[in-house]
Amino acid sequence: MPVVSRGDRFVFAQVIRDVVEFLGLDEKTVPVLSPAELHARYDHVLETAIRLVRQMPDDRLETQLPNRPRSWRMVMHHIFQIPTGYLDMEENGGILTRERLGVPPPPEMQTSAAIADFGESVRARFNAWWPRVAGEDFSRPVQTYFGETSRHEMFERTVWHSTQHTRQVASLLEQAGIAPDRPLGRDDIRGLPLTDKIWDEA
């Protein structure tokens with residue numbers, strides 16, 4: 001769990017707004033993109049992720065990330081588990097838990113095609129959800145594993161989380177000697193709280 005500390009005080013660094021308030025910074029922390037813009041961006045990200053996952057050779061799926069207890073298969077599945085957890089919260093209510101976001105791929109999901117097919121079903125569910133909620137209030141609070149945040153901020157967080165992992169899959173394809181087919185670029189992260197950095201320093 002990331003934290004920011006000053007002396008003997010600290011704050012959980014899961015929500016940028018909380019960090020900015022804790023440090024006394026004069027920075028705007030509300031989402032830049034509207035819910036409608038986030039929907040359009042996420043649809044493109046999920047489409048890109050599905051395409052990139054289909055490029056991954058099956059014999060690389062159990063390759064482990066350096067200094068991280070996670071296989072390439074888990075990273076690719078996680079891209080689509082993030083919106084699954086978010087949609088479960090949206091459609092069924094309750095608290096969005098860390099465990100829900102971290103559900104691993106089922107044992108039978110052993111190929112890139114199977115992961116991509118899962119992604120297709122999640123994308124279809126996402127695009128069926130949006131018309132039902134497009135006119136609703138996204139400023140209301142929602143409960144998550146890191147505390148209370150707004151529905152708008154949680155939507156943004158869901159989008160940038162999958163976006164970052166989709167960029168990582170493109171990097172993994174390059175490591176496997178495969179040119180990624182139309183990976184995400186700078187325009188695709190514009191308006192999201194992401195930098196050009198794809199991997200955290202280990």
Side-chain angles (χ1 to χ4, degrees), residues 12 14-18 28-54 74-106 108-109 112-170 181-185 187-194:
F12 291 116
Q14 289 283 355
V15 181
I16 297 298
R17 181 186 66 254
D18 294 345
K28 293 182 179 179
T29 60
V30 296
V32 172
L33 302 179
S34 69
E37 290 170 323
L38 287 170
H39 165 259
R41 182 71 59 84
Y42 208 17
D43 181 55
H44 173 64
V45 168
L46 293 175
E47 177 188 35
T48 301
I50 292 163
R51 182 171 61 251
L52 296 179
V53 166
R54 290 196 186 281
M74 291 178 67
V75 173
M76 294 192 300
H77 175 267
H78 187 52
I79 292 171
F80 309 117
Q81 186 58 38
I82 294 163
T84 296
Y86 175 75
L87 290 170
D88 286 348
M89 179 193 71
E90 277 281 321
E91 295 173 345
N92 304 321
I95 297 175
L96 178 62
T97 65
R98 179 186 289 272
E99 290 74 20
R100 187 60 191 153
L101 295 182
V103 171
E108 64 273 14
M109 196 175 287
S112 295
I115 298 172
D117 288 346
F118 171 55
E120 294 276 14
S121 69
V122 173
R123 183 184 176 211
R125 180 185 174 189
F126 172 68
N127 283 321
W129 162 80
W130 175 249
R132 300 196 301 267
V133 303
E136 293 181 0
D137 179 15
F138 273 77
S139 65
R140 66 171 174 79
V142 293
Q143 297 298 322
T144 77
Y145 64 92
F146 54 83
E148 184 179 278
T149 188
S150 75
R151 192 181 181 196
H152 193 175
E153 289 169 329
M154 193 62 237
F155 191 11
E156 179 194 56
R157 183 185 183 87
T158 301
V159 174
W160 69 247
H161 193 168
S162 290
T163 299
Q164 184 68 353
H165 287 307
T166 299
R167 296 165 73 201
Q168 290 172 348
V169 170
D181 179 13
R182 290 165 288 159
L184 299 176
D187 285 346
D188 299 310
I189 67 171
R190 185 168 290 124
L192 298 174
L194 293 172

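Nothing here was measured: the structure is a model prediction, and the numbers come from that model.
What you find for Tyr42 and Ser162 is that their closest heavy atoms are OH-OG, 2.7 Å. Taking all atoms of both residues into account, the shortest heavy-atom contact from Gly94 to Met89 is O-CG, 3.7 Å. Listed here is the closest heavy atom pair of Ala49 and Ile79: CB-CG2, 3.8 Å. Taking every heavy atom of both residues into account, Met154 and Thr144 meet most closely at SD-CG2, 3.7 Å. In this structure, Val122 and Pro83 approach most closely via the heavy-atom pair CG1-CG, 3.5 Å. Contact detail for Val53 and Ala116: the closest heavy-atom pair is CG1-N, 3.9 Å.
Listed by chain and residue number, nothing satisfies the side-chain hydrogen bond (donor to acceptor under 3.5 Å, both in side chains) test with Thr166 (two or more places apart in sequence, or in another chain). By the side chain to side chain contact (heavy atoms under 4.5 Å, CB included) test, Val103 is found to be paired with Gln81, Arg100, residues two or more places apart in sequence or in another chain being considered. Residues that satisfy the side chain to side chain contact (heavy atoms under 4.5 Å, CB included) test with Arg132, not counting sequence neighbours, are Glu91, Ala128, Trp129. The side chain to side chain contact (heavy atoms under 4.5 Å, CB included) test applied to Gln168 returns Val75, Gln164, His165, Ile198, Trp199, not counting sequence neighbours. Residues satisfying the side-chain hydrogen bond (donor to acceptor under 3.5 Å, both in side chains) criterion with His39, sequence neighbours excluded, are Asn127. With sequence neighbours excluded, the residues satisfying salt bridge (Lys or Arg N to Asp or Glu O under 4.0 Å) with Asp43 are Arg123. In this structure Asp137 satisfies the salt bridge (Lys or Arg N to Asp or Glu O under 4.0 Å) test with no other residue, sequence neighbours excluded. Residues passing the side-chain hydrogen bond (donor to acceptor under 3.5 Å, both in side chains) test with Glu136 are Arg151, sequence neighbours excluded. Scanning for side chain to side chain contact (heavy atoms under 4.5 Å, CB included) contacts around Leu101 gives Leu96, Tyr145, with sequence neighbours left out. Residues passing the side-chain hydrogen bond (donor to acceptor under 3.5 Å, both in side chains) test with Asp187 are Arg190, sequence neighbours excluded.
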**Request:** Could you walk me through whether Arg51 and Thr48 pass the side chain to side chain contact (heavy atoms under 4.5 Å, CB included) test, one step at a time?
**Result:** CA-CA 5 Å; Arg51 182 171 61 251; Thr48 301; 3.5 Å; yes
**Item:** Full working for salt bridge (charged side-chain N to carboxylate O under 4.0 Å, His left out) between Arg125 and Asp88
**Value:** CA-CA 11 Å; Arg125 180 185 174 189; Asp88 286 348; 2.7 Å; yes
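Going from atom CG of Leu87 over to atom CG of Asn92 covers 9.5 Å, rounded to the nearest 0.5 Å. The CD atom of Glu148 sits 11.0 Å away from atom CZ of Arg140, with the distance rounded to the nearest 0.5 Å. In this structure, CH2 on Trp160 lies 10.0 Å from CG on Leu192, to the nearest 0.5 angstrom. A distance of 11.5 Å separates CZ of Phe155 from CZ of Arg41, quoted to the nearest 0.5 Å. In this structure, the separation between CD on Glu90 and CZ on Phe126 is 10.0 Å, given to the nearest 0.5 Å. For the atom pair CG of Leu33 and CG of Leu38, the computed distance is 5.0 Å after rounding to the nearest 0.5 Å.
Here the side chains of His152 and Pro35 are in contact, with some heavy-atom distance below 4.5 Å. No side-chain heavy atom of Glu120 sits less than 4.5 Å from a side-chain heavy atom of Leu46. Residues Pro31 and Glu153 meet the side-chain proximity criterion, which asks for heavy atoms closer than 4.5 Å. With a 4.5 Å cut-off on side-chain heavy atoms, Leu184 and Val45 count as touching. Looking at heavy atoms from C-beta onward, Arg157 lies out of side-chain contact with Thr149 at the 4.5 angstrom threshold.
Aromatic ring orientation, Phe118 versus His77: parallel (interplanar angle below 30°, classes split at 30° and 60°).
Looking at Arg54 and Asp117, a side-chain N of the basic residue comes within less than 4.0 Å of a carboxylate O on the acidic one, giving a salt bridge.
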